[in-house]
Amino acid sequence: MIEQIAQSLGKYMDVLAARQELIASNIANIDTPGYRTMDLDFQQEFQGLLDGEGLPGIPLEVGGLRINNDGNDVNMDRELRLLAENSIRFSAVSSMAQQQIALIKSAIDNLQG
Amino acid sequence: MSLFTSLSVSASGMSAERTRAQLLVENIANAETTRTPEGGPYRRKDVVFQSDNVGSPFAGILADQMNSGSVGVTVSDVVVDQGEPDKRYLPGHPDAGPDGYVAFPHLNPAEEMVDLMGASNGYQANVAAMTSIKEMLQQSITLLK
C-alpha cells in the first residue's frame, strides 16, 4: 500500500513538473507575436498517469484569454499565479513523499531493533 | 520533458529580454545622434521575438521532439528603422544641410522607456519562474536525504 501511495505521489510530481515547463515557456514567450498560452488538462493527465499511460502530456491552447494586437494572449498575472500554485503543490507533495520514505525507514529500523 | 528543460526555457526568455533591453538602451542613448559610421543620423533598432525549441544541453534529438509543448524564445531578427529621419531647422549645427535642416533620429525616448519597462518586467517574470523551478528541483533532491 505504501508503495502505491509513493507511486501516486511521484506521478503527481511528474504532472506538476510538466505543467511547470509549460508555464515557463508561456512566461518566456510573453512578448512573442502570435504565441498562444499553453497548458495541460491537469485532472486528465494525472488520471491518465494513474491508469498507466505514460507522459508526455498533451499541451492544449488555453481559450478565453484576451488577445493583444500582436496576436499574443499570454497573461502575466495568470502565469505568475499558476507558478506560485504549482510550486506550493510541489512542495506539499514532496514533503508527503518524504514522510512516506521516513515511514519505510522506521519500519526497517524496527525490524532491525 | 523535465524540470531541467524548463530551466533552459526560462534562460532563453531572460536572454531575449536582455537583448531587447540592450537595444532599447542603445536607442535612448542615441536619441540625438546625428553622425554614424553608416552615414546619416542613428536609426532606431528593434527586436523580433520568435518561439524556439530549447532542449536541455544534454537532451538528444528524440527528447527534443517529445518536448513539442514547451518552447523557449529567441531573437530571430533585429530590425533597423528605415523611415525618414526627423528634420530640425538648426543652421548653425555642424551637420546641417545646405537648407539649414539637420537630420535627427526618428525615435521617441518616452516610447523607448515604456518598452524598457516591459522588457524589465518580462525579465523579472522569467527570473521568478526560474527561482521556482530551482526550488522544485531542490525539493526533489531532499527526497534523497
Side-chain angles (χ1 to χ4, degrees), chain A residues 6 9-10 13-36 38-40 45 54-61 70 72 74-77 79-102 105, chain B residues 1-17 19-20 46-54 56 63 65-76 115 118-119 121-145:
Chain A
L9 290 176
M13 285 164 106
D14 280 345
V15 184
L16 286 174
R19 194 176 206 192
Q20 191 80 346
E21 200 172 323
L22 290 177
I23 297 170
S25 60
N26 288 341
I27 292 178
N29 282 288
I30 204 152
D31 288 312
T32 308
Y35 181 87
R36 293 296 163 90
M38 303 298 271
D39 202 351
L40 41 83
E45 292 294 333
L55 279 179
I58 313 143
L60 306 164
E61 270 187 23
D70 59 357
N72 181 309
V74 179
N75 180 341
M76 171 112 69
D77 299 324
E79 301 310 320
L80 290 179
R81 185 192 78 83
L82 280 177
L83 190 72
E85 183 188 318
N86 230 28
S87 62
I88 290 169
R89 276 176 195 261
F90 196 91
S91 130
V93 177
S94 80
S95 55
M96 280 159 83
Q98 227 169 343
Q99 277 168 18
Q100 293 292 321
I101 293 170
K105 263 190 188 161
Chain B
M1 182 75 73
S2 81
L3 282 174
F4 288 105
T5 322
S6 319
L7 280 182
S8 307
V9 169
S10 289
S12 78
M14 282 162 71
S15 120
E17 295 290 358
T19 312
R20 182 175 168 212
D46 208 352
V47 287
V48 179
F49 282 177
Q50 194 185 343
S51 301
D52 183 31
N53 261 324
V54 284
S56 114
Q65 294 294 319
M66 287 170 72
N67 280 331
S68 52
S70 74
V71 283
V73 63
T74 178
V75 176
S76 66
D115 275 1
N121 284 341
Y123 192 86
Q124 271 178 25
N126 278 298
V127 171
M130 193 178 252
T131 312
S132 113
I133 295 161
K134 264 166 59 190
E135 270 170 25
M136 285 166 78
L137 282 166
Q138 209 63 49
Q139 279 157 1
S140 312
I141 292 168
T142 24
L143 285 180
L144 295 173
K145 286 179 186 162

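Chain naming here is simple, since letters A, B, ... match the order of the sequence lines and numbering starts at 1 in each.
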Discussion item. Has A:Asp31 got a side-chain atom pairing as donor or acceptor with B:Phe49's backbone, closer than 3.5 angstrom?
Written reply: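 Here the side-chain-to-backbone pair does not exist.
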Item to complete: Show the numbers, then the answer: is there a side-chain contact (heavy atoms from CB on, under 4.5 Å) between A:Tyr35 and B:Val71?
Response: CA-CA 10 Å; A:Tyr35 181 87; B:Val71 283; 3.7 Å; yes
When rounded to the nearest 0.5 angstrom, what is the spacing between [atom1] in [X] and [atom2] in [Y]?
X	Y	atom1	atom2	result
A:Ile23	B:Ser132	CD1	OG	7.5 Å
A:Asn29	B:Ser12	CG	OG	7.0 Å
A:Ser94	B:Met136	OG	CE	9.0 Å
B:Leu137	A:Phe90	CG	CZ	7.5 Å
B:Ser6	A:Arg19	OG	CZ	13.5 Å
A:Glu79	B:Asn126	CD	CG	11.0 Å

Worksheet item: Checking heavy atoms, do the side chain of A:Leu83, its backbone, both or neither come under 4.5 Å from chain B?
Response: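 For A:Leu83, backbone and side chain are both near chain B.
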Worksheet item: Non-hydrogen atoms of chain B under 4.5 Å away: do they reach the side chain of A:Ile101, the backbone, both or neither?
Response: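 The side chain, not the backbone.
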Contacting region of [X] [heavy-atom separation from chain A under 4.5 Å]:
X	result
B:Asp52	neither
B:Gln138	neither
B:Ala16	neither
B:Thr142	both

Any idea which heavy atoms bring [X] and [Y] closest together, and the distance?
X	Y	result
A:Leu80	B:Ala128	CD2-CB, 4.4 Å
B:Leu143	A:Gln98	CD2-N, 3.6 Å
B:Val9	A:Ser25	CG1-CA, 3.3 Å

Practice prompt. Check whether the side chains of A:Ser91 and B:Glu135 place a donor and an acceptor atom closer than 3.5 Å, and report yes or no.
Written response: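 Per modelled atom types, A:Ser91 and B:Glu135 side chains form no pair under 3.5 Å.
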Worksheet entry | Candidate pair B:Leu3 and A:Glu21, rule side-chain contact (heavy atoms from CB on, under 4.5 Å), full reasoning | CA-CA 7 Å; B:Leu3 282 174; A:Glu21 200 172 323; over 6 Å; no
